Amino acid sequence: VLADALAEDAPVYIMPEAEPAYFAAFQAMENKEPQVTDYKATLTALLKAPTVASKEWVYDQYDYQVRTNTVVAPGSDAAVLRVRGTNKGLAMTTDCNSRYIYLDPTTGGKIAVAEAARNIVCSGGQPLAITDCLNFGNPEKPEIFWQLQKSADGIAEACLALDAPVIGGNVSMYNERSGEAVYPTPTIGMVGLVKDLAHVTTQEVKAAGDVVYVIGETKLEFGGSELQKLIEGNISGQAPTIDLNVEAARQASILAAIRAGLVQSAHDVSEGGVAVALAEKTFAANGLGIEVTLTGSATTALFAESQSRFVLTVKAENASAFEAIAVDVKKIGTVTEDAKLTINGETGVLVEGTVEEFRSAWKGAIPCLLKSEA
């Protein structure tokens with residue numbers, strides 16, 4: 001009865017809607033590659049961006065051990081808590097890229113759910129359900145209600161494709177300053193089931209000699225990206241595309257490989273592209289590094305934000321078995337015993353540096369920003 005009161009009997013408000021003028025203009029833009037000359041300096045700058053940098057300053061102020069039930073603490077793709085009295089765990093994450101939502105709310109809504117699911121899968125979990133927190137401007141403005149409605153459509157489509165229903169949520173409307181709305185931000189909280197704690201997987205590399213794989217295709221997609229924001233100071237153009245059938249197939253194959261014991265580490269590719277994902281995989285301070293070779297245009301290969309991609313490491317002796325299970329895989333390099341990140345391209349070395357210099361930029365960014373604002 002209570003569920004019906006909330007889901008069926010609650011009043012429905014359909015406000016006037018209107019597609020913003022900027023949407024058609026952005027959709028008409030051709031995808032273009034930003035101009036980058038110093039790839040190492042650009043990667044370092046991206047690692048310092050607040051949306052990419054370590055959030056340790058925030059979560060380290062709280063007790064995240066949760067009565068000693070924490071199996072994976074904050075800092076990896078998803079946190080994992082054990083279910084006491086069982087050998088199971090719950091993986092949890094929150095995600096949303098509001099820039100994508102602003103550029104294309106339907107596509108952005110799909111991506112928000114898909115990225116949350118990627119984080120659950122990379123941690124060894126099966127996505128179960130989501131809760132959402134819908135943060136928008138004034139819904140009485142037709143353009144804002146259009147953003148709300150279209151992003152809800154995208155969220156619903158992704159939830160159906162990934163079999164993760166919406167089981168709760170909340171809203172925060174009228175978020176404006178000086179008459180300007182915040183970026184539309186429907187934050188997705190997702191929970192997943194780790195059937196066996198032996199399946200728990202984290203993002204950091206584990207052993208020298210392990211093979212590094214990228215799953216998924218890298219395209220020239222920079223609309224709403226960290227690189228576009230860094231270079232141009234604003235965002236424009238088309239959001240990255242996403243095929244939910246492809247997304248679901250890749251997630252299923254990765255989870256199958258994890259459950260088969262074939263995956264050493266897993267991390268999704270999101271803000272900042274493959275270069276940022278590779279760097280983040282070395283930040284465990286375990287003395288290991290990565291050397292890989294990427295193909296195609298260097299800027300796109302390093303920093304494009306194409307969807308449905310992952311970076312995984314696998315023991316060399318398990319490579320064939322992994323390749324037989326996982327889909328759309330490409331071997332790009334190995335884990336090294338020296339703590340360096342080396343990314344080669346078709347024309348030579350693109351990025352080379354110590355893990356510590358990249359890690360220091362990433363870890364120290366938010367404390368420095370807070371001090372500068374004080």
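Please read these numbers as outputs of a predicted model, since none were measured by experiment.
In the hydrophobic clustering of ILVMFWY residues, with side-chain heavy atoms under 4.5 Å counting as a link, L255 and L193 come out apart. At a threshold of 4.5 Å between side-chain heavy atoms, the hydrophobic network of Ile, Leu, Val, Met, Phe, Trp and Tyr places V214 and I258 in two separate groups. Follow the hydrophobic side-chain contacts under 4.5 Å out from L220 and you reach V36 in the same cluster. A continuous path of hydrophobic side-chain contacts links V52 to F283 [ILVMFWY only; heavy atoms under 4.5 Å]. Follow the hydrophobic side-chain contacts under 4.5 Å out from I120 and you never reach V269; the two are in separate clusters.
Between W362 and E280 the shortest side-chain heavy-atom distance falls below 4.5 Å. Counting heavy atoms from C-beta on, the side chains of F222 and N31 never come closer than 4.5 Å. Residues F136 and P186 form a side-chain contact, since some pair of their non-hydrogen atoms from C-beta on lies under 4.5 Å apart. Residues V121 and P127 meet the side-chain proximity criterion, which asks for heavy atoms closer than 4.5 Å. For the pair D77 and S123, the minimum side-chain heavy-atom distance is below 4.5 Å. At a threshold of 4.5 Å between non-hydrogen side-chain atoms, the residues Q35 and I231 do not count as touching. At least one side-chain heavy atom of P139 sits under 4.5 Å from a side-chain heavy atom of Y174. Here the side chains of L341 and E352 are not in contact, with every heavy-atom distance at 4.5 Å or above.
Taken to the nearest 0.5 Å, the CG atom of D338 stands 5.5 Å off from the NZ atom of K340. Going from atom OG1 of T218 over to atom CD of E305 covers 11.5 Å, rounded to the nearest 0.5 Å. From Q251, atom CD reaches atom CG of D163 across 11.5 Å, with rounding to the nearest 0.5 Å. Interatomic distance, D132 CG to T94 OG1, rounded to the nearest 0.5 Å: 12.5 Å. Taken from CG in L43 to CD in E357, the straight-line distance is 9.5 Å, to the nearest 0.5 Å. Taken to the nearest 0.5 Å, the CD atom of E271 stands 13.5 Å off from the NZ atom of K229.
Side-chain atoms of T300 never come within 3.5 Å of backbone atoms of S297 as a donor-acceptor pair (strictly under, hydrogens ignored). Between the side chain of N69 and the backbone N or O of L81 there is no donor-acceptor pair closer than 3.5 Å. For the pair S306 (side chain) and K219 (backbone), a donor-acceptor distance under 3.5 Å is present. In this structure, the side chain of D196 does not engage the main chain of H199 through any donor-acceptor pair within 3.5 Å. Between the side chain of N286 and the backbone N or O of V205, at least one donor-acceptor pair lies under 3.5 Å. Side chain of Q228 to backbone of G224: a donor-acceptor contact under 3.5 angstrom is found. A donor-acceptor pair under 3.5 Å is absent between the side-chain atoms of K150 and the main chain of T106, judged by distance alone. When atom types are taken as modelled, the side chain of K55 and the backbone of A53 share a donor-acceptor pair closer than 3.5 angstrom.
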Listing, residues 311-326 side-chain donor-acceptor contacts under 3.5 Å, not counting sequence neighbours, or none:
from, atom 1, to, atom 2, distance (Å)
T313, OG1, S265, N, 3.3
T313, OG1, S265, OG, 2.4
E323, OE2, Y213, OH, 2.6

query: I290 and K281: side-chain contact (heavy atoms from CB on, under 4.5 Å), yes or no, with the steps?
result: CA-CA 9 Å; I290 287 176; K281 289 186 69 63; 4.1 Å; yes
query: For L90 and V83, what are the C-alpha separation, side-chain angles and deciding distance, and is it a side-chain contact (heavy atoms from CB on, under 4.5 Å)?
result: CA-CA 7 Å; L90 292 175; V83 179; 4.0 Å; yes
task: For E204 and T282, run side-chain hydrogen bond (donor to acceptor under 3.5 Å, both in side chains): C-alpha distance rounded to whole Å, both residues' side-chain angles, the deciding distance at 0.1 Å, then the answer.
output: CA-CA 6 Å; E204 68 273 2; T282 68; over 6 Å; no
query: Can V292 and T342 be said to form a side-chain contact (heavy atoms from CB on, under 4.5 Å), step by step?
result: CA-CA 6 Å; V292 299; T342 304; over 6 Å; no
Step-by-step side-chain contact (heavy atoms from CB on, under 4.5 Å) determination, D104 to Q27: CA-CA 8 Å; D104 183 339; Q27 291 297 303; 3.7 Å; yes
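Among residues two or more places apart in sequence or in another chain, the ring-ring contact (aromatic ring centres under 6.0 Å, His included) test is passed with Y102 by Y22, Y183. The side chain to side chain donor-acceptor pair (under 3.5 Å) search around E143 returns none, not counting sequence neighbours. For Y39, the ring-ring contact (aromatic ring centres under 6.0 Å, His included) test picks out no residue, with sequence neighbours left out. Residues that satisfy the side chain to side chain donor-acceptor pair (under 3.5 Å) test with N175, not counting sequence neighbours, are S172. In this structure V171 satisfies the side chain to side chain contact (heavy atoms under 4.5 Å, CB included) test together with L134, M173, sequence neighbours excluded. Evaluation of the side chain to side chain donor-acceptor pair (under 3.5 Å) rule for K141 yields E176 as partners, not counting sequence neighbours. E247 is linked by a salt bridge (charged side-chain N to carboxylate O under 4.0 Å, His left out) to R118, counting only residues two or more places apart in sequence or in another chain.
Ion pair E217/R309 not flagged as a salt bridge, since none of the NZ, NE, NH1 or NH2 atoms sits closer than 4.0 Å to an Asp/Glu carboxylate oxygen.
By the 6.0 Å contact criterion, CG on N87 is enclosed, its count of non-hydrogen atoms from other residues, nucleotides or ligands being greater than 12. Other residues, nucleotides and ligands place more than 12 heavy atoms under 6.0 Å from the NZ atom of K40. No more than 12 heavy atoms of other residues, nucleotides or ligands shown are found within 6.0 angstrom of NZ on K195.
A side-chain donor-acceptor contact under 3.5 Å links D95 and T93. A side-chain N or O of N344 and one of E291 form a donor-acceptor pair less than 3.5 Å apart. A donor-acceptor contact closer than 3.5 angstrom is absent between the side chains of S178 and E180.
Apart from V72 itself, the hydrophobic cluster it occupies contains V71, V80, V194, L197, V200, where clustering links Ile, Leu, Val, Met, Phe, Trp and Tyr at side-chain heavy-atom distances under 4.5 Å. Hydrophobic side-chain contacts under 4.5 Å tie I111 into a cluster, directly or through other members, with Y100, I242, L244. Applying the under-4.5 Å side-chain rule to Ile, Leu, Val, Met, Phe, Trp and Tyr, the cluster around V182 consists of that residue alone.
A salt bridge (Lys or Arg N to Asp or Glu O under 4.0 Å) check over residues 14-36, counting only residues at least two apart or in different chains, returns nothing.
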